[in-house]
Visitor: 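Dumping the structure here so I can ask a few things about it.
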2 protein chains.
Amino acid sequence: MKRKATALDVAKLAGVSRSAVSLVLNGRGDGNVALESQQRIREAAAALNYSPNKIALSLRNQQSRIIGIVSDQVVTSPFDGNIIAGADAVAREHGFVTVVMDTELDESRDESAVETLLDRQVDGLMYVTVGLRPLHVPANMARVPSILANCFDDRPEAGLPAVIPDEVRGGREAAEHVMSLGHRDIAFLAGDSLTPAAPRRIEGFRDAFSGAGMPVTQDRVIQVGWDIDAGFHGAMKLLEGVEPAARPTAILCANDRLAIGVVLACYRLGLSVPQDVSVMGYDDEFRIAKAMVPALSTMALPLREMGAAAMASLLAEVGSAPEGTSDDGGPAAAAVSGAARETLVPCRLVVRESTGPVPAGR
Amino acid sequence: MKRKATALDVAKLAGVSRSAVSLVLNGRGDGNVALESQQRIREAAAALNYSPNKIALSLRNQQSRIIGIVSDQVVTSPFDGNIIAGADAVAREHGFVTVVMDTELDESRDESAVETLLDRQVDGLMYVTVGLRPLHVPANMARVPSILANCFDDRPEAGLPAVIPDEVRGGREAAEHVMSLGHRDIAFLAGDSLTPAAPRRIEGFRDAFSGAGMPVTQDRVIQVGWDIDAGFHGAMKLLEGVEPAARPTAILCANDRLAIGVVLACYRLGLSVPQDVSVMGYDDEFRIAKAMVPALSTMALPLREMGAAAMASLLAEVGSAPEGTSDDGGPAAAAVSGAARETLVPCRLVVRESTGPVPAGR
DNA sequence: TTGAAAGCGTTACCAT
DNA sequence: ATGGTAACGCTTTCAA
């Protein structure tokens, strides 16, 4: 296979001009080019395995049908990759391709990543983060239609639309789930406040209590961090050496890794899950939550949906939906708050085996 | 900020011709352009915030200083993202940028992903996979310098260079680590044979036994899968209801998730780790191995190094190292087997708290 | 030392 | 209906 055929090659082979080739191959042949020529052109193109040079196209048309995705660390960290998967799927449906650049959490690379993408004439830009977080959007992002997924810019002037999970609702529904199983003494192991996710989930947790007309047990909410060991030690503090009647009967965790630590602690103390204490995760992490022993009840983050909703909305702004299906504006359940242009996507309760009825007598 | 400045804008502002601008800005000004003009050109460029249009450059030069990375699922899965991080770091050092496309494990998208990248004039291509695996390289990859990271093509005709971890050595050194702690009855929970990683690690495990002049205890090697529950049930089979003297004193796992399951089982059975049984993982998974309770001894996969070595080697083939540091051929420890052009990168033993001396009397 | 012109591969306009 | 030509932004060669 040698150098690729150009439109000129096709034109020569078909015995016509370059313009004719262009017209025909772009569907604007009828009424402009003789039917017989059209036929010859198509044959020639097929014979030469011709496809237009995308670089030349971009230069000419000032657009590329490429959406650039810049991520803080979703490529290189284990988390949230499905946002990109969801975004990519929608882009492909509409005849766009996505191209990803990861800054590995180095904000000084933000601008240059965006610049590189812009240099390549991307038609739109999406910024994706691991974990919900506030962000200072790179200034040059404003040069093309752009959107934020799993992050938001709280400076009023930088009003980029954002698609984020409904964390407070997630926290509330998690609490409501164990409440519906009869639990009243519920603890919440809540990550830290470095990400807004934890405070929002705590807020939902509190909402559930007020909603149930129950007092919010202040000291049952502890912020310990996000990893297995944090969950372990947090649970130990809650359970070790305390008499059964004073133990929380359910422990909600701000992610699945904490839940692993909690289960570890329970087993170490000879406690059964969920017979003695119910444990709930958050995130529904791939091959973690489902594979745990016992399989973790959890609040699934709507990663794919977020990516898909963000891309659908971005593409609508980019305009031109020539190749894809009609876009009717994303998931029906999503709510948009007018001013800030934030789309909240609901989390999904997943009930497995780590939560059960409250122990008798509690 | 309106439309970007072009070379013509700079030329006009400096009162010279486009060619002069090009010459000066590409360092070929001396001896061709009057010093005074050079100065004016540089000032004009700075004033207009000029940078050459990359698309036009690519079209003109038939190259882009972009390396395309196609991944089977490293973006969208939680694993092995550091291969890309390592590759990207090296590329950036040399003035290249990387652009990633993930096929989400859909092999029918391989060709078109490569095609898209090729259309964009990438100067080189890297195929990266999650977990060591054989692969049928997309045919069109051969059109530019290419390399495989964490995968290999075993068809003799498709001789692309590959950078992979030295799994058999990893398996051997893992076994040797616990042997050095006095363990003799060692079990190996070994994933499955869907990936060549497990068989190779098993081979290394066996090598360690022959090396120590010990009989290979056949029934101590069990292939159970890769997830927490598999580790849990595997360990249960090994430990539950068997008298202490008949228990393996160390359990090696083919990944860290299995090790979590094993520890879970130990705790459930009232066994301590590492006092009663030593447990070892594999992979050194980010925020898993280190965060476990106890922190997992493990065999770290050299992900970053693999990505870096692969990129260094690819860039050497692409040629032209104008902007970066000199490349001296990757990690010193890597071994290249001439014919197949496979580079084996050694894993790294990480000793933490889950392995300890063999219990007294065993 | 400088500038004009060709060419990279397209598409779109405008005479023919 | 057709094909020539300009334009996208750049680099490079060649003549002045």
Side-chain angles (χ1 to χ4, degrees), chain A residues 2-42 44-45 48-66 115 118-123 320 322, chain B residues 2-42 44-45 48-66 118-121 123 320 322:
Chain A
K2 36 194 65 179
R3 227 171 91 276
K4 270 192 62 174
T6 76
L8 183 57
D9 298 326
V10 177
K12 272 197 233 156
L13 184 59
V16 297
S17 76
R18 288 206 300 283
S19 350
V21 173
S22 170
L23 254 356
V24 171
L25 264 26
N26 290 312
R28 227 159 323 164
D30 287 7
N32 289 318
V33 177
L35 249 70
E36 191 220 8
S37 302
Q38 296 198 29
Q39 185 57 22
R40 277 209 315 282
I41 289 172
R42 270 184 243 282
L48 295 175
N49 202 276
Y50 168 76
S51 76
N53 179 312
K54 297 299 197 316
I55 296 279
L57 264 182
S58 295
L59 183 58
R60 176 70 240 239
N61 299 339
Q62 310 281 34
Q63 55 131 349
S64 60
R65 298 197 78 76
I66 290 189
E115 199 63 40
L118 248 19
D119 278 346
R120 297 288 151 182
Q121 306 279 21
V122 293
D123 298 339
S320 68
Chain B
K2 35 194 67 176
R3 227 171 92 276
K4 268 194 61 174
T6 75
L8 183 57
D9 297 324
V10 177
K12 271 196 230 153
L13 184 59
V16 298
S17 77
R18 285 206 302 282
S19 355
V21 173
S22 169
L23 254 359
V24 171
L25 263 28
N26 290 314
R28 224 157 325 167
D30 287 7
N32 289 317
V33 177
L35 247 69
E36 191 219 9
S37 302
Q38 295 199 29
Q39 185 58 21
R40 278 208 317 280
I41 288 172
R42 271 185 243 280
L48 294 175
N49 201 279
Y50 169 77
S51 76
N53 178 311
K54 299 297 198 316
I55 296 279
L57 264 182
S58 295
L59 183 57
R60 172 72 237 236
N61 299 341
Q62 309 282 34
Q63 55 132 349
S64 60
R65 298 197 79 75
I66 290 189
L118 249 18
D119 278 345
R120 297 286 150 181
Q121 305 281 21
D123 298 338
S320 70

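Just so it is clear, the values below take in all heavy atoms, side chains as well, and ignore hydrogens, waters and symmetry mates. Residue numbers start from 1 in every chain, and the chains themselves are labelled A, B, ... in the order their sequence lines are given, proteins ahead of strands.
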Visitor: Do you know the tightest heavy-atom contact between B:A45 and B:L25?
Guide: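 Closest approach of B:A45 to B:L25: CB-CD2, 4.2 Å.
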Visitor: Could you work out how much the helix from C:dT1-D:dA16 to C:dT16-D:dA1 bends, comparing the axis of its first five pairs with that of its last five, to 10°?
Guide: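 Comparing the axis at each end, I get an angle of 70°.
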Visitor: Find the distance A:R120:CZ to D:dC8:P and express it as a whole number of Å.
Guide: 20 Å
Visitor: Who pairs with A:S17 by side chain to side chain donor-acceptor pair (under 3.5 Å), at least two apart in sequence or on another chain?
Guide: A:S19
Visitor: Indicate yes or no: at least one non-hydrogen side-chain atom of A:N53 is less than 4.5 angstrom from one of B:Q121.
Guide: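 The answer is yes, as the side chains (C-beta and beyond) meet within the 4.5 Å cut-off.
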Visitor: Report the distance from atom CD1 of A:I41 to atom C1' of D:dG3, rounded to the nearest whole Å.
Guide: 11 Å
Visitor: Could you list the residues that satisfy side chain to side chain contact (heavy atoms under 4.5 Å, CB included) with A:A7, not counting sequence neighbours?
Guide: A:V21, A:Y50
Visitor: Tell me every residue that passes side chain to side chain contact (heavy atoms under 4.5 Å, CB included) with B:L59, counting only those two or more places apart in sequence or in another chain.
Guide: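 By the side chain to side chain contact (heavy atoms under 4.5 Å, CB included) rule, B:L59 matches A:I55, A:A56, A:L59.
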Visitor: I need the single residue from A:L57, A:V122, A:D123 that forms a side-chain contact (heavy atoms from CB on, under 4.5 Å) with A:R65. Which is it?
Guide: A:D123
Visitor: Roughly how many Å is it from CZ in B:R65 to C1' in D:dC10, rounded to a whole number?
Guide: 16 Å
Visitor: Round to the nearest Å and state the distance from A:L57 atom CG to C:dA12 atom P.
Guide: 10 Å
Visitor: Once side chain to side chain donor-acceptor pair (under 3.5 Å) is applied, do any residues pair with A:R60, and if so which ones, sequence neighbours excluded?
Guide: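 A:R60 satisfies side chain to side chain donor-acceptor pair (under 3.5 Å) with no other residue.
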Visitor: Mind checking B:L59 for me? I need base, sugar-phosphate or nothing, with any heavy atom below 4.0 Å counting as a touch.
Guide: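 Touches a base.
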Visitor: Starting at OG of A:S37, measure out to CG of A:N32 and round the result to the nearest 0.5 Å.
Guide: 12.0 Å
Visitor: Each nucleotide N or O in nucleotides 3-6 of chain C that has a protein N or O under 3.5 Å away: list the pair and distance.
Guide:
from  : atom 1 : to    : atom 2 : distance (Å)
C:dG3 : OP2    : B:S17 : N      : 3.2
C:dA4 : N6     : B:S19 : OG     : 3.1

Visitor: Mind listing the closest non-hydrogen atom pair of A:A5 and A:D9 along with its distance?
Guide: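 Residues A:A5 and A:D9, closest heavy atoms: CA-OD2, 3.4 Å.
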Visitor: Does a side chain donor of either B:S64 or A:R120 reach within less than 3.5 Å of an acceptor in the other side chain?
Guide: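 No donor-acceptor contact under 3.5 Å links the two side chains.
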Visitor: Between C:dA12 atom P and A:N61 atom CG, what is the distance in whole Å?
Guide: 6 Å
Visitor: Which residues satisfy the salt bridge (charged side-chain N to carboxylate O under 4.0 Å, His left out) test with B:D119, sequence neighbours excluded?
Guide: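 Counting only residues at least two positions away or on another chain, B:D119 forms a salt bridge (charged side-chain N to carboxylate O under 4.0 Å, His left out) with A:K4, A:K54.
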Visitor: Using a cut-off of less than 4.0 Å, is there contact between a side-chain N or O of A:N26 and OP1 or OP2 of C:dT11?
Guide: yes
Visitor: Keeping to residues at least two apart or across chains, list the salt bridge (Lys or Arg N to Asp or Glu O under 4.0 Å) pairs with something in residues 10-22 of chain A.
Guide: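 Salt bridge (Lys or Arg N to Asp or Glu O under 4.0 Å) check on residues 10-22 of chain A returns no pairs.
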Visitor: Tell me the salt bridge (Lys or Arg N to Asp or Glu O under 4.0 Å) pairs involving residues 23-41 of chain A, sequence neighbours left out?
Guide: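 Found A:E36-A:R40.
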Visitor: What are the residues of residues 29-39 of chain B, sorted by number, that bring a heavy atom to within less than 4.0 Å of DNA chain C?
Guide: B:G31, B:N32, B:V33, B:A34, B:S37
Visitor: My understanding is that only residues two or more places apart in sequence, or in another chain, count here; which of them pass side chain to side chain contact (heavy atoms under 4.5 Å, CB included) with B:A44?
Guide: B:V10, B:L13, B:A14
Visitor: Is the phosphate of C:dG9, meaning OP1 or OP2, less than 4.0 Å from a side-chain N or O of B:Q62?
Guide: yes
Visitor: Tell me the interatomic distance from A:Q121, atom CD, to D:dC10, atom C1', rounded to whole angstroms.
Guide: 13 Å
Visitor: Measure the distance from CG on A:L25 to C1' on C:dG9 and round it to the nearest whole Å.
Guide: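 So the CG-C1' distance, A:L25 to C:dG9, works out to 14 Å.
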Visitor: Distances under 3.5 Å only, N/O to N/O: pair up the protein atoms with those of nucleotides 14-16 of chain C.
Guide:
none

Visitor: Find the distance A:N53:CG to D:dC8:P and express it as a whole number of Å.
Guide: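 To the nearest whole Å, that distance equals 18 Å.
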Visitor: When you check the phosphate oxygens OP1 and OP2 of C:dT11, does a side-chain N or O of A:S22 lie under 4.0 Å from one of them?
Guide: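 Yes, A:S22 has a side-chain N/O under 4.0 Å of OP1/OP2 on C:dT11.
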